[in-house]
Amino acid sequence: MPELPEVETVVRILDEQITHHRLIDSSVYWDKTIVNRDELIALNGQQVQKVSRRGKYILWQMETATILIHLRMEGKFYKLAKNEARNKHSHVIFHFDDFDLAFNDTRKFGRIEVSQDLEHFFNHKLGLEPWDELLTKEYLRNKARSRKVHLKTFLLDQSVIAGIGNIYADEICFKLKLSPFTRVHRIPLYKWEECVDVTRQVLQEAIDSGGSTIRSYTASLGITGRFQLRIHVYGRANQPCHDCHTHLIRSVVGQRSTVYCPQCQKRL
DNA sequence: AGACCCACCCGAACGC
DNA sequence: TGCGTTCGGGTGGGTC
């Protein structure tokens with residue numbers, strides 16, 4: 001499941017592959033994947049100016065609008081030779097001048113949308129990027145002050161910090177030595193400073209490791225996550241904590257599967 | 001407004 | 001073996 005680091009890696013590869021290429025046409029095999037088909041058709045014939053990222057959204061800057069792609073859980077891009085057969089999970093094919101690009105998505109949760117006005121599209125939906133200099137302990141404390149949600153839920157809230165998903169939310173809680181059930185209004189200012197540092201550290205480490213495995217992906221632009229080698233808690237229920245060897249506990253926070261160490265991670 | 005629940009999907013894992 | 005059931009993941013929309 002792609003989070004910010006995986007999206008970042010896909011963006012870097014895509015930018016190399018499609019920037020300055022012309023989108024001739026697109027074929028859609030699952031209607032719901034494309035939110036506004038007519039506006040996508042209107043971009044036929046335009047060149048991709050640049051590929052970038054905002055939160056977990058991939059942005060293709062075209063000449064008159066932006067194509068936004070959210071991979072959700074399993075969205076992946078595959079470069080295809082011209083007219084090469086798609087597989088059964090290719091729901092959209094983008095036809096470029098001298099190659100095709102397939103959008104594959106087994107669970108059909110991914111979404112592609114065209115927007116003329118990114119400001120409006122993201123509106124209050126997305127908060128700060130992790131490396132935005134406005135992301136400070138004061139920013140987080142102010143966002144958290146009036147809220148009663150659990151820390152895990154707060155970290156997953158895209159309108160606070162954009163890009164954190166289930167895996168890294170668990171890792172961030174672990175490194176902060178805070179229970180994912182901690183109520184955010186009780187977290188002191190100095191802990192929010194740690195939160196800024198830890199968030200950047202965890203995401204950067206993941207981006208670096210994703211970047212180092214690009215070579216092993218030939219036709220695929222999908223990333224499966226070599227980062228798992230360094231994971232401390234996510235997916236390790238009932239296994240010993242890397243710090244204290246206590247068995248990690250699996251629980252549910254905000255309807256999300258959550259793993260944490262009951263010994264190391266305290267509730268304030 | 002904030003908090004919470006559920007639909008959207010389907011493959012993998014599990015139960016019988 | 002095979003068939004049925006459960007689970008999970010991010011987001012948006014609905015309700016209270």
Side-chain angles (χ1 to χ4, degrees), chain A residues 1-11 28-36 53-59 68-77 86-92 103-115 118 120-127 129-130 140-173 180-187 199 203 206 222-225 227-228 231 233-239 248-260:
Chain A
M1 53 235 92
E3 298 190 20
L4 183 150
E6 290 80 3
V7 173
E8 181 67 30
T9 307
V10 172
V11 162
V28 179
Y29 301 96
W30 183 259
D31 287 342
K32 287 185 171 180
T33 302
I34 305 282
V35 175
N36 43 2
R53 180 191 62 72
R54 174 79 171 93
K56 299 177 201 168
Y57 289 86
I58 296 167
L59 314 180
L68 297 101
I69 297 141
H70 199 298
L71 303 174
R72 295 285 182 95
M73 265 72 79
E74 304 192 357
K76 288 179 178 63
F77 285 105
R86 65 185 184 99
N87 79 21
K88 65 172 179 175
H89 297 302
S90 305
H91 304 312
V92 180
F103 179 71
N104 277 35
D105 185 12
T106 51
R107 303 236 168 130
K108 298 178 174 173
F109 272 24
R111 289 292 178 269
I112 298 173
E113 181 163 2
V114 174
S115 171
L118 284 188
H120 180 259
F121 181 86
F122 291 127
N123 199 16
H124 295 295
K125 198 154 59 175
L126 289 189
E129 286 292 316
L140 290 176
R141 200 261 313 266
N142 289 343
K143 285 270 185 186
R145 185 144 50 188
S146 62
R147 300 192 51 186
K148 295 182 173 153
V149 290
H150 297 124
L151 175 57
K152 166 92 179 248
T153 303
F154 186 73
L155 291 171
L156 288 175
D157 183 343
Q158 301 298 299
S159 73
V160 179
I161 301 175
I164 300 173
N166 206 34
I167 299 175
Y168 303 122
D170 276 6
E171 294 303 306
I172 291 165
C173 290
F181 289 100
T182 309
R183 299 285 176 180
V184 290
H185 66 276
R186 307 186 58 152
I187 297 177
T199 297
L203 296 177
I223 301 301
T224 54
F227 181 67
Q228 288 180 5
I231 275 177
V233 282
Y234 181 84
R236 296 191 62 247
N238 303 318
Q239 295 179 46
L248 300 178
I249 287 180
R250 182 193 174 277
S251 187
V252 174
V253 182
Q255 299 144 255
R256 291 284 171 277
S257 173
T258 299
V259 181
Y260 67 101

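Chain identifiers are assigned alphabetically (A, B, ...) following the order of the sequence lines, protein sequences preceding nucleic acid strands; residue numbering begins at 1 within each chain.
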Identify which nucleotide among [options] has an atom closest to any side-chain atom of [X], counting heavy atoms from C-beta outward.
X        : options                : answer
A/Val149 : B/dC10, C/dT11, B/dC4  : B/dC4
A/Tyr57  : C/dG12, B/dG11, C/dG10 : C/dG12
A/Gln255 : B/dC5, C/dG10, B/dC10  : B/dC5
A/Lys32  : B/dC4, B/dC9, B/dG11   : B/dC9
A/Ser257 : B/dG11, C/dG9, C/dG10  : C/dG9
A/Lys148 : C/dT11, C/dG9, B/dA3   : B/dA3

Students often get this wrong, so: under 4.0 angstrom with heavy atoms, is A/His89 touching a base, only sugar-phosphate, or nothing?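 Answer is sugar-phosphate: A/His89 comes under 4.0 Å of backbone atoms only.
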Using a heavy-atom cut-off of 4.0 Å across all strands, would you classify A/Gly165 as base, sugar-phosphate, or nothing?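 Counting heavy atoms under 4.0 Å across all strands, the contact made by A/Gly165 is with sugar-phosphate only.
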Rounded interatomic separation in angstrom, taking [atom1] from [X] and [atom2] from [N]:
X        : N      : atom1 : atom2 : value
A/Leu155 : C/dT11 : CG    : C1'   : 17 Å
A/Glu74  : C/dC7  : CD    : P     : 18 Å
A/Arg183 : B/dC4  : CZ    : P     : 7 Å
A/Asp105 : C/dG9  : CG    : P     : 16 Å
A/Lys56  : C/dG9  : NZ    : P     : 11 Å
A/His150 : B/dC5  : NE2   : P     : 11 Å
A/Asp157 : C/dG10 : CG    : C1'   : 12 Å
A/Met73  : C/dG10 : CE    : P     : 7 Å

Please tell me which of A/Leu156 and A/Arg250 maps to the more 5' nucleotide of DNA chain C, matching each residue to the nucleotide holding its nearest heavy atom.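 Upstream on the strand: A/Arg250.
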5' precedence on DNA chain C between A/Val252 and A/Ile164 (nearest-nucleotide basis):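 Final value for this comparison: A/Val252.
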Between [X] and [N], is there a side-chain N or O to OP1/OP2 distance below 4.0 Å?
X        : N      : result
A/His70  : C/dG12 : no
A/Lys125 : C/dG12 : yes
A/Gln158 : C/dG10 : no
A/Arg256 : B/dC6  : no
A/Arg147 : B/dA3  : yes

Is the shortest side-chain N to carboxylate O distance from A/Asp157 to A/Arg147 below 4.0 Å?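 Result for this pair is yes, salt bridge flagged.
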Kindly compute the distance separating CG (A/Leu71) from CZ (A/Arg111), expressed to the nearest 0.5 Å.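 Between A/Leu71 CG and A/Arg111 CZ, I get 12.5 Å after rounding to 0.5 Å.
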Count the heavy atoms belonging to other residues, nucleotides or ligands that lie under 6.0 Å from CG of A/Asp31, then report whether that count exceeds 12.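 At most 12 heavy atoms, drawn from other residues, nucleotides or ligands, come within 6.0 Å of this atom.
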Does A/Glu3 use its side chain to pair, donor to acceptor, with the backbone of A/Ile167 at less than 3.5 Å?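 The answer is yes, because a donor-acceptor pair under 3.5 Å joins these two groups.
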Which of parallel (below 30°), tilted (30 to 60°) and perpendicular (above 60°) describes A/Tyr57 and A/His70?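 Judged by the thresholds at 30° and 60°, the geometry between A/Tyr57 and A/His70 is perpendicular.
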Of A/Lys88 and A/Thr153, the one whose closest DNA chain B nucleotide lies more 5':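 That would be A/Thr153.
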Quickly, which of A/Glu171, A/Lys152, A/Arg256 forms a side-chain hydrogen bond (donor to acceptor under 3.5 Å, both in side chains) with A/Asn166? Name it, please.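 Between A/Asn166 and the candidates, side-chain hydrogen bond (donor to acceptor under 3.5 Å, both in side chains) is satisfied uniquely by A/Lys152.
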